[in-house]
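Proteins come first, then strands; the chains are lettered A, B, ... in the order of their sequence lines, and each starts at number 1.
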Amino acid sequence: MEYQAREIEQKWKKYWVENEVYRVSNQSDRPKYYVLDMFPYPSGSGLHVGHPLGYIASDIYARYKRLKGFNVLHPMGYDAFGLPAEQYALQTGIHPAVSTARNIKRYREQLDNIGLSFDWSREVVTSDPKYYKWTQWIFLQLFKHYYDPEEQKPKPISELIAHFEQYGNADIAAHTAQKETFSAEQWKAMSPAEKDAVLMNYRLAYRQLTYVNWCEALGTVLSNDEVKDGVSERGGHPVVRKPMMQWLLRITAYAERLLNDLQELAWSDAMKKMQSNWIGRSEGAQIFFPLAGSEQKIEVFTTRPDTIFGATFMVLAPEHPLVKEITTETQKAEVEKYLDYVNARSERERQAEKNITGAFTGAYALNPLLPADDPRAKIPVWISEYVLPDYGTGAIMAVPGEDERDFRFAQHFDLPVIEVVDKSQYPEAERGDKVGRMIHSDLLNGLEVKDAIPRIIEEIEKRGLGQKRITYKLRDAIFSRQRYWGEPFPIVYDPEGVAHPLDERELPLELPPLDDFKPASDGRSPLARLTDWVNLPNGYRRETDTMPGYAGSSWYFLRYMDPHNDQNFASPEALNYWRDVDLYVGGTEHATGHLLYSRFWHKFLHDLGYVPTKEPFKKLINQGMIQGVIEFAYLQKEKVNGYSRFVCARLAKMEPEHEFAHIPIPIQFVKDYGTEASYLDTESIEKFIQWRPEFKDAIFECANGIYHKGTFTPKNGAAGSHLFTHSETGKMSKRYHNVVNPDDVIERYGADCFRMYEMFLGPVEQSKPWSTKGIDGVYKFLRRFWQMFFDEQGRWALTQEQPDKKELKALHATLKKVSEDIERFSFNTCVSAFMSLVNELRTLKTRKRAILEPLVIAMAPFAPHITEELWHRFGHESSVHLADFPAIDESYLVEDTLVYPISINGKRRAEAEFPAQADKATIEQEALKLEAIQKWIEGKPVKRVIVVPGRMINIVV
RNA sequence: GCCGAAGUGGCGGAACUGGUAGACGCGCUGGAUUCAAAAUCCAGUGGCCGCGAGGCCGUGUGGGUUCGAGUCCCACCUUCGGUACCA
């Protein structure tokens, strides 16, 4: 009987929906298990074959856990706000809500097609006002709280105000950017705007001036992504960094806990390391350096205060507020020129820059540990792009003797170097390693570095020059976007510019309708043009920025627990039942964004008593990316006699790279795509021209001839054109025209085959380019599996016979391997194990129900449709996905004898069989007697014999 | 640049804790079946030498630790992800 994937799959998909097989209740006697996939952004190109890799893996795990007796929450929804929908709206005029709804519909069809066991009654969409009401609500809680680092919890701003009114701000435990202290009287004397500014230094959600990528020509703020080499990717217009008032979240208040609590998570070490490096805790000292001839001081942060006597210059971030003030007349031109250069550079370029750049301000600072008249005390103040304004204090004391980067700077600009650490006792140590004895350092001389650090901090604190300080690389997260398609801020400003929260009863503040998505003037969001919406009758005006993508995605996993609640973001009962995500599956690309922000929001909600757990995601599995093949044709930038000219990749590579533009070619046009020899033949060139008619008159310079205006003129009588294309692996994306739709694969092979094939490709964690080589093997396997249940006439052929020992051993060995492998997320080896078992049962010609029925259950998580069909043919009324995973009986697996490989000096030379219980000594004696072994040890003394029971024997001669 | 990961036959990969490298599958070769093809089935398949028994080499490159290294350590090369407004 033929295996008809499509019929079977359609039948059971319908059955699952009608019978609500995957619906999960918040009340159950079974233990809970929460399996979550990372929130997809419903992009316009639809789901590609890379997305389901993680979804299939988590689905298998969720189904397996159900078979094992758990009440499994396995939901799905959409991170529906975002930039791409808005850009699409700009190009087409189609409202983001419309395109997003369309994309979601498509995603849903594609997800359903794969046979994933989501409880769709719990779907959430971040752009739905019923959802973002609670995103706005959480934002307001952040706005209304400050953080007390001593008690390690957020406290209401109202308490802070009460404290200010009584005592000023001197003795309050608060994570704050507030530098100046004030008394109760001074506080009371402040204007509302001044008070607002002070409170912004305490709030967990606050407003501050920060830098953005500003593109004048496009009139908009750009993401780093959209900026390449200082110009906008679209149109190539200049981009500069410009300060703008923006909302931020004070995630730095939680830095220490975000770092410490990583320990208790079952995440990969790599992932934890990336987060902890991102948080970047460093201990050191804050030190104030007075400026020569000025009242001003430069505040620096250094992890090596011990090297202060080796500080021969200072470097400020070019954005540092003091730069303007301290630059001398003579240096002004140079500094300004340098500022222009830096302004056009992205942060990433600045950090990646290997060349040394900088400018001298003309000002001098004084080493506070030396008398002002000491010749060593006066040190020049420079600016350089390698000092970033947001890290530490935006200023460093440069110690070229002990820091590689400072050293290169000193060499480049011919600045003095003072060695302050004698490393002669540590020949392995390099510049900057914290070892050695202090020299040329006054009071520190002779101390080991590790003793010098606390000693100098003590001295600095005693003299009031600074103090011990812990700094984090982690920066507060910018929370404003000058865009339309995001959550509006529930904030209004009074005529004095003071920010006021909306009353929580007014939530959600709905995004007003709009039909022109161009940015407003000064880079403000399109909302700023809706003056009726912005300006309120009482003279107040609304915030016109919207929230970023990560707002909605930082807490969605909680909403799934109780998605329709309109009194709370989720009920306390639901939160207490589901608690946290037991298994989270998603890509490493979220390591430092989403995963960190979610942990922060979760902790904040935990601190306020809303959620019972400290951490949202107990276990994390990172699925690899399935990459696409990107095919480029080389287009000569300069036209030839007015014609565009495409050049064969092999010819183009002999000429300078910059003379050609890379034009992505849809992979379906390219022959042998993804190989060294990928090419376009005449037929493909014609398809390409049809698709991009602007190239209909282009010249195609092939290796073996020229194609122009419909004719191919061969060189040397060659037949058929071969315009070689250049292949790369990279993201699957609409812009590269290389998206492979899972629907097409499923249409041909069925969803079960697609699922098993994606798993069979390799470990889920690994990235690899998509290829359908080998899918036939999985398809063949499923057909053979199906045919085991039927005789040649296509009749159901199972027998009630008792299975023999061999069959039982094969079955139970597979059940054991599969359950162990599922537990360790090794799904590819599970598929192999099923293949091996089916091969074995076919040679044994097994048609026994007692063997095949447990196999059907074990395979159900992988191939849910075919197993459901077979299960019902067994005569069961309910779903196979509600069955119990078969019990594993290890007694079938016990071996009487074991085969040992025998090595001489680590090289395998023979093998021999021994009883399973044989002791080491017996094995050793027997092994040495073997003929095949005697041959090797002849004439040489046996030095040692290593017997590893159950494993191997090694003889050393 | 910095942080993280990966590199094993012609290809995807297996080897879980340092113990028989290449399971399973694709592809390829030969055979069966067929008028023929598809499909299916059977056998072989890391490289080199050898009629054979067998031997030598082999897990990105170079070194090291060990009785024994794909696995551990050091250095390097290549590719991928992130680098704070793509999501």
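To the nearest whole angstrom, the two C1' atoms, one in B:G18 and one in B:U66, are 9 Å apart. The separation of B:G55 from B:U65, taken at their P atoms, amounts to 28 Å, rounded to a whole angstrom. A gap of 39 Å separates the C1' atoms of B:A87 and B:C73, to the nearest Å. Taking atom P on both B:A32 and B:G12, the two are 33 Å apart, rounded to the nearest angstrom. Comparing the same atom, C1', in B:G9 and in B:A21 gives a spacing of 11 Å after rounding to whole Å.
Using a 4.0 Å heavy-atom distance criterion, A:Gly82 is classed as a sugar-phosphate-only contact. Using a 4.0 Å heavy-atom cutoff across all strands shown, A:Glu820 reaches no nucleic acid atom at all. A:Asn277 comes within contact range of the sugar-phosphate backbone alone, with a heavy-atom separation under 4.0 Å but no base atom that close. Residue contacts shown for A:Ile902 are absent, as no nucleic acid heavy atom lies under 4.0 Å away. Among the heavy atoms of the strands lying under 4.0 Å from A:Gln246 is at least one base atom, whether or not backbone atoms are also near. Using a 4.0 Å heavy-atom cutoff across all strands shown, A:Ser268 reaches no nucleic acid atom at all. At the heavy-atom level, A:Lys768 lies under 4.0 Å from the strands shown only through sugar-phosphate atoms. Nucleic acid contact for A:Met952: base, since at least one base atom lies under 4.0 Å from a heavy atom of the residue. Here A:Ala270 lies in heavy-atom contact (under 4.0 Å) with sugar-phosphate atoms only. Among the atoms of the strands shown, only primed sugar atoms or phosphate atoms (P, OP1, OP2) are found under 4.0 Å from some heavy atom of A:Pro763. Among the atoms of the strands shown, none is found under 4.0 Å from any heavy atom of A:Lys272. Here A:Leu83 lies in heavy-atom contact (under 4.0 Å) with sugar-phosphate atoms only. Heavy atoms of A:Arg951 sit under 4.0 angstrom from primed sugar atoms or phosphate atoms, though from no base atom. Residue A:Val831 is out of contact with every strand shown, counting any heavy-atom pair closer than 4.0 Å.
Within 6.0 Å of CZ in A:Arg783 there are more than 12 heavy atoms belonging to other residues, nucleotides or ligands. Heavy-atom contacts from other residues, nucleotides or ligands closer than 6.0 Å to NZ of A:Lys273 number 12 or fewer.
Between A:Tyr55 and A:His51, the ring planes are parallel. Angles under 30° get that label, and only those over 60° would be called perpendicular. Taking the six-membered ring where the residue is Trp, A:Tyr779 and A:Tyr749 present perpendicular rings, their angle passing 60° and hence far from 30°.
Pairing of B:G4, defined by two Watson-Crick or G-U wobble distances under 3.5 Å, is identified with B:C80. Base pairing analysis places B:G50 opposite nothing; no Watson-Crick or G-U wobble pair with both distances below 3.5 Å involves it. Base-pair partner of B:U61: B:A75 (Watson-Crick or G-U wobble, both distances under 3.5 Å). Across all strands shown, B:G27 is found opposite B:U45 as a Watson-Crick or G-U wobble partner, with both distances under 3.5 Å. Under the Watson-Crick or G-U wobble criterion, with both distances below 3.5 Å, B:A15 has no partner in any strand shown. If you check B:A32 for Watson-Crick or wobble pairing at under 3.5 angstrom, you find it paired to B:U40.
Remark: A:Lys780, A:Arg783, A:Arg784 in residues 780-788 of chain A come within less than 4.0 Å of RNA chain B through at least one heavy atom.
A:Phe39 is linked by a ring-ring contact (aromatic ring centres under 6.0 Å, His included) to A:Tyr556, counting only residues two or more places apart in sequence or in another chain. Partners of A:Tyr550 according to the ring-ring contact (aromatic ring centres under 6.0 Å, His included) rule, which considers only residues two or more places apart in sequence or in another chain, are A:Phe479, A:Tyr597. Residues passing the ring-ring contact (aromatic ring centres under 6.0 Å, His included) test with A:Phe785 are A:Phe789, sequence neighbours excluded. Every residue two or more places apart in sequence or in another chain was checked for a ring-ring contact (aromatic ring centres under 6.0 Å, His included) with A:Tyr472, and none qualifies.
Map A:Arg944 and A:Ser903 each onto its nearest nucleotide of RNA chain B; the residue landing nearer the 5' end is A:Ser903.
Counting only residues at least two apart or in different chains, salt bridge (Lys or Arg N to Asp or Glu O under 4.0 Å) contacts with residues 767-778 of chain A are absent. Applying the salt bridge (Lys or Arg N to Asp or Glu O under 4.0 Å) test to every pair with at least one member in residues 543-552 of chain A, sequence neighbours left out, gives these pairs: A:Arg207-A:Glu543.
Chain A approaches RNA chain B over the interval B:G1 to B:A87, counting the first and last nucleotide 5' to 3' with an atom under 4.0 Å from its heavy atoms.
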Using distance only, find each side-chain donor-acceptor pair of residues 79-86 of chain A under 3.5 Å and give its atom names and separation, not counting sequence neighbours.
| unit_1 | atom_1 | unit_2 | atom_2 | d |
| --- | --- | --- | --- | --- |
| A:Glu86 | OE1 | A:Tyr484 | N | 3.0 |
| A:Glu86 | OE1 | A:Trp485 | N | 2.8 |
| A:Glu86 | OE2 | A:Tyr484 | N | 3.0 |

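Anti is the classification of B:G46, since its glycosidic angle lies more than 90° from 0.
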